[in-house]
Amino acid sequence: MPDEAPSGEVTRPRAQTLLAPRLLAWYDRHARRLPWRAPPGTAAQDPYLVWLSEIMLQQTRVEAVQPYFLRFKERWPTVEALAAADIDHVLTEWAGLGYYARARSLYACANEVAERHGGKFPRTQDALLELPGIGPYTSAAIAAIAFDVPATVVDGNVERVVARIFAVETPLPRSKPELRDKAATLTPQKRAGDFAQAMMDLGATICTPTKPKCSLCPWNDACVAKARGIQDELPRRDAKKANPTRRGIAYWLVDPDGAVLLRKRAEKGLLGSMIEVPSSDWIVGATPDVPDGAPAAAEWQRLPGIVRHQFTHFDLELTVLAATVKARNTDGLWTLPDNFGDVALPTVMRKVVAHAMKHTAYTPNDAAQMFEVAEKPKRRKKI
DNA sequence: AAGGCGTGGGT
DNA sequence: TACCCAAGCCT
């Protein structure tokens, strides 16, 4: 473990002091150009954009984030603009990106920054940590990248790189404290933001989970796992249990105008505050065979096939029942499919929409084509 | 403090 | 097909 020198700097073995400069040199030549990133050596990025990107990047790949980031930046260029937005518009813009509590926290955080911090993000890790949706990773990332604070940024990439460099064999998540401490011994006092992004780029492009490209790695001669030939086995992880399957019914109700009944889900929890095709509870076990919990009494027709979706902690199988009504006798958001793009439909509900429109007599139009995309997910089975 | 919380791409 | 797991946070 590193000792604290009187200056407050972390002391470290001499060899380790050489690692950061080598990685930064690699980063200067190989940094990916990303829309939220200032090129190495240029002026710091707008803290608002750093924050926005870091929230979106939580548990989410760069490629998935890019279009969302660009749309948010265009629509809400400042934290004040975002704070003044309608939360439902924010959720609609976030739809498809997942982990929707992030969008709610994003909005809450924008309002705190606008109202309590004068529109300026705090510059210290401790102060950032107080804001909604900002935890240990994100506070360090914003401090380092936006404000050049020498904070140690630890995400999944950094954990993997550090586990390999030091050949940490303790499985995750038990090894997290050790990995964090070892990462701290690598963090330089200068260019900590570039260093953090370099570590993450290294993990994303070179020190990958499988088949790491060690021959291209600026640290390959210092990597203990590589020296031992166990780089593919690290980091180890404790086994995780299998996911259960939950089943339920989604109710596709259409009025004479072709409007479809949608509903807003509970504020928090799974898909919190998002819009859904009304559905039963999703229960482990058999699909209920009675349309219990249907939004209206109607002649429900079971559509062929099933909608499958995987969440982080369970698999879902939805049966879709369809019916028409002569009048809008049920409260909800009666919405024409042409306008589905204006509501916060998460991906699982886009799948339901696609399935229903494919198996009912809905006239194909732009909306139908838009949702066809969501239907095609798996590769086609060979005949 | 262990589990809830999305989605998509890769192997 | 059936996993894995990603720029994590919250309770």
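Nothing here was measured: the structure is a model prediction, and the numbers come from that model. Throughout, a chain's letter reflects where its sequence line sits, starting with A, and its residues are numbered from 1. Keep in mind that the numbers below use all heavy atoms, side chains included, and drop hydrogens, waters and symmetry copies.
For Q45(A) and R37(A), the side-chain atoms include no donor-acceptor pair closer than 3.5 Å.
For H313(A), taking side-chain heavy atoms from C-beta onward, the closest of the listed nucleotides dA7(C), dG4(B), dT7(B) is dG4(B). Taking every side-chain heavy atom of R237(A) into account, dC5(C) is the closest of dA7(C), dT7(B), dC5(C). Checking dC5(B), dC9(C), dA7(C) against every side-chain atom of R32(A), the shortest atom distance belongs to dA7(C). Nearest to the side chain of P209(A), among dG6(B), dA7(C), dA6(C), sits dA6(C).
dC9(C) sits 22 Å from dG8(B) when the P atoms are compared, rounded to a whole Å. Remark: the separation of the C1' atoms in dA1(B) and dG8(C) is 15 Å, to the nearest Å. As rounded to the nearest Å, dG3(B) and dC4(C) have P atoms that lie 16 Å from one another. Distance noted for atom P between dT11(B) and dA7(C): 15 Å (whole Å).
Listed by residue number, Q59(A), T60(A), R61(A) are the residues of residues 45-64 of chain A with a heavy-atom contact under 4.0 Å to DNA chain B.
L106(A) places its CG atom 16 Å from the P atom of dG8(C), with the value rounded to the nearest Å. The OH-P distance, from Y100(A) to dC5(B), rounds to 14 Å in whole Å. The separation between Q310(A) atom CD and dC5(C) atom P is 15 Å, rounded to whole Å. Separating the CG atom of L270(A) from the C1' atom of dC10(C) is a distance of 15 Å, rounded to the nearest angstrom. Spacing between atom CG of L316(A) and atom C1' of dG8(B) amounts to 17 Å, rounded to whole angstrom units. Between D315(A) atom CG and dT1(C) atom C1' the separation is 12 Å, expressed in whole Å. R350(A) has its CZ atom 13 Å from the C1' atom of dG6(B), to the nearest Å. When the P atom of dC9(C) is taken as reference, atom CZ of R102(A) falls 11 Å away, rounded to whole Å.
A close approach under 4.0 Å does occur between a side-chain nitrogen or oxygen of T347(A) and OP1 or OP2 of dT7(B). Of the side-chain N and O atoms in H309(A), one or more sit less than 4.0 angstrom from OP1 or OP2 of dT7(B). A close approach under 4.0 Å does not occur between any side-chain nitrogen or oxygen of T210(A) and OP1 or OP2 of dG10(B). Taking side-chain N and O atoms only, R160(A) has a distance below 4.0 Å to OP1 or OP2 of dA6(C).
To the nearest 0.5 Å, atom CH2 of residue W36(A) and atom CG of residue L52(A) are 9.5 Å apart.
One can find a donor-acceptor pair under 3.5 Å joining the base of dG6(B) and the side-chain atoms of T312(A). For Y99(A) and dG6(B), a side-chain-to-base donor-acceptor distance below 3.5 Å is present, hydrogens and geometry of angles not being considered. If you check distances only, the side chain of R174(A) never reaches the base of dA1(B) with a donor-acceptor pair under 3.5 Å.
Of the candidates D155(A), V162(A), D194(A), T187(A), V162(A) is the only one forming a side-chain contact (heavy atoms from CB on, under 4.5 Å) with M199(A).
Nearest-nucleotide positions on DNA chain B for L97(A) and K211(A) put L97(A) closer to the 5' end. Mapping L131(A) and L34(A) onto DNA chain C by nearest heavy atom places L34(A) at the nucleotide closer to the 5' end.
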Candidate pair F340(A) and L345(A), rule side-chain contact (heavy atoms from CB on, under 4.5 Å), full reasoning = CA-CA 8 Å; F340(A) 282 177; L345(A) 280 173; 4.0 Å; yes

message = Apply ring pair (Phe, Tyr, Trp, His ring centres under 6.0 Å) to residues H309(A) and F311(A) and explain how you reach the verdict.
response = CA-CA 7 Å; H309(A) 189 74; F311(A) 290 94; 4.8 Å; yes

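Proximity of a side-chain donor or acceptor of R22(A) to a complementary backbone N or O of P218(A) within less than 3.5 Å is detected.
The two residues C214(A) and Q231(A) have their closest heavy-atom pair at SG-CG, 4.0 Å. Heavy atoms only, all atoms of each residue included: V168(A) and S175(A) are closest at CG1-CB, 4.2 Å.
Applying the ring-ring contact (aromatic ring centres under 6.0 Å, His included) rule to W76(A) yields the partners F72(A); only residues at least two apart in sequence or on another chain are considered.
Within 4.0 Å (heavy atoms only), G96(A) reaches sugar-phosphate atoms of the nucleic acid but no base atom.
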